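First comes the structure, then the notes that go with it.
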Amino acid sequence: MDITTIIGIVLAIVAIFYGAVSSGGIEALGGLIDVPSVIVTFGGTIATFVATYTMDQIKSVGKITAKAFKAPNYDSKATIASIIELANIARKEGLLALEEVATKIENLFMQKAVNLMVDGTDPVLLKDILEAEIGATESRHQEGAGVFETIAAIGPAFGMLGTLIGLINMLNNLEDAASLGPGMAVALVTTFYGSVIANVIANPIAAKLKTRSGQEVMQMELILEGILSIHGGENPHIIQEKLNSFLSRTELHGKGKKDKQEDAPAEEE
């Protein structure tokens with residue numbers, strides 16, 4: 001599990017409640033709870049979300065959300081090591097020797113790429129097939145992140161709508177001066193809820209999903225480059241140097257003192 005997502009959301013909630021309590025005491029927490037405002041903001045957001053997406057997309061929200069809380073299992077150095085091992089086998093025994101090795105590959109994208117290569121697929125066609133899968137994967141990820149970007153847009157809109165409803169009701173009772181303050185507070189609570197939906201929940205999850213997508217797509221591109229290089233009969237050492245370009249400075253060299261002394265001003269790429 002990726003604990004950073006949970007920690008971030010929890011800290012944001014704690015900061016909000018701390019701000020409320022420190023400025024108005026424990027009684028201030030009661031002012032942040034208003035059932036009609038909850039119904040307008042959260043209910044309206046859910047209703048519009050349902051109206052926006054298909055049933056299949058709605059059913060997939062749970063799986064999409066889980067990705068934001070699941071730690072990725074991407075090890076670029078291990079992936080490169082696997083590709084170099086395949087390159088050495090192909091160089092010594094030929095591409096057909098990879099057929100048996102492919103059955104033991106856990107990464108399904110790499111397994112598919114190796115099988116296509118062993119089957120004698122033309123390099124241009126092989127590249128087209130794998131790039132099409134990468135593009136389709138990226139599109140699915142963007143759609144998943146887009147779900148939460150939509151929620152982030154809908155939430156504040158209904159928060160403002162609830163505020164307008166509260167102001168209208170308040171203006172209809174101007175003769176009761178004592179109720180103006182509490183009425184204004186209730187009216188603003190819906191804006192608060194909308195902001196929480198967008199900035200505490202939806203936007204962070206959307207951003208994390210985009211990060212996950214970038215990590216997975218980079219792994220797939222690394223595999224694509226490696227497989228095409230093997231197919232082209234390139235030297236394993238050359239393939240190693242080529243694939244190392246996918247690694248950050250930290251992944252490639254670590255954080256030793258020597259690296260810091262040689263390039264102190266540089267930051268991780």
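The structure displayed is predicted, hence computed values, not measured ones.
What you find for P236 and I84 is that their closest heavy atoms are O-CD1, 3.5 Å. The two residues P156 and A198 have their closest heavy-atom pair at CG-CB, 3.6 Å. Here the shortest heavy-atom pairing between A102 and N115 reads CB-OD1, 3.4 Å. The shortest heavy-atom contact between I227 and A113 is CG1-CB, 3.7 Å. Taking each heavy atom of I80 and L243 in turn, the nearest pair found is CD1-O, 3.4 Å. Pairing each heavy atom of S229 with each of I239, the nearest pair is CB-CG1, 3.7 Å.
In this structure, L188 is not a member of the same hydrophobic cluster as I39, with clusters built from ILVMFWY side-chain heavy atoms closer than 4.5 Å. Note on I134 and M218: same hydrophobic cluster, where clusters join Ile, Leu, Val, Met, Phe, Trp and Tyr whose side-chain heavy atoms are under 4.5 Å apart, directly or indirectly. In the hydrophobic cluster analysis, where Ile, Leu, Val, Met, Phe, Trp and Tyr join through side-chain heavy atoms closer than 4.5 angstrom, L98 is grouped together with L96. Cluster membership for V10 and I205, using ILVMFWY side-chain heavy atoms within less than 4.5 angstrom, is shared. Under the 4.5 Å side-chain contact rule for hydrophobic residues, V35 and F158 do not share a cluster.
No donor-acceptor contact under 3.5 angstrom links the side chains of E138 and S213, judged on distance only. Side-chain atoms of E106 and Q111 include no donor-acceptor pair closer than 3.5 Å. For the residue pair T191 / T163, a side-chain donor-acceptor distance below 3.5 Å is found, with atom types taken as modelled.
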Query raised in the report: Between L130 and M220, is a side-chain contact (heavy atoms from CB on, under 4.5 Å) present by the stated rule, with each step listed?
Result: CA-CA 9 Å; L130 297 182; M220 297 175 79; over 6 Å; no
**Report entry** Evaluation steps, side-chain contact (heavy atoms from CB on, under 4.5 Å), between M110 and T79
**Finding:** CA-CA 9 Å; M110 184 186 291; T79 301; 3.8 Å; yes
Report task. For side-chain contact (heavy atoms from CB on, under 4.5 Å), just list the numbers for T52 and Q57, CA-CA rounded to whole Å, side-chain angles, deciding distance to a tenth of an Å, and then say yes or no. Result -> CA-CA 10 Å; T52 302; Q57 289 173 313; over 6 Å; no
Query - Verdict with reasoning, I105 to S82, per side-chain contact (heavy atoms from CB on, under 4.5 Å) - result: CA-CA 9 Å; I105 297 176; S82 298; over 6 Å; no
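Using a 4.5 Å cut-off on side-chain heavy atoms (C-beta onward), T190 and D34 make no contact. In this structure the side chain of N203 never reaches within 4.5 angstrom of the side chain of F148, judged on heavy atoms. The shortest distance between side-chain heavy atoms of F246 and E225 falls below 4.5 Å.
Listed by chain and residue number, nothing satisfies the salt bridge (charged side-chain N to carboxylate O under 4.0 Å, His left out) test with K67 (two or more places apart in sequence, or in another chain). In this view, E216 satisfies the salt bridge (charged side-chain N to carboxylate O under 4.0 Å, His left out) rule with no residue, not counting sequence neighbours.
Formation of a donor-acceptor pair under 3.5 Å by the T103 side chain with backbone atoms of E100 is found in this model. Under a 3.5 Å cut-off, the side chain of S37 and the backbone N or O of I33 do not form any donor-acceptor pair. Distance alone, capped at 3.5 Å, places no donor-acceptor pair between the T41 side chain and the V38 backbone. Remark: the backbone N or O of G162 is not paired with any side-chain donor or acceptor of Y193 at under 3.5 angstrom. For the pair D119 (side chain) and T121 (backbone), a donor-acceptor distance under 3.5 Å is absent.
Shown here is Y74, whose OH atom has more than 12 heavy atoms of other residues, nucleotides or ligands within 6.0 Å. The number of heavy atoms from other shown groups lying within 6.0 Å of CD (Q142) is above 12. Crowding of L125 atom CG: a count of heavy atoms from other residues, nucleotides or ligands under 6.0 Å exceeding 12.
Between R91 and E234 there is no salt bridge, since no side-chain N of the basic residue sits under 4.0 Å from a carboxylate O of the acidic one.
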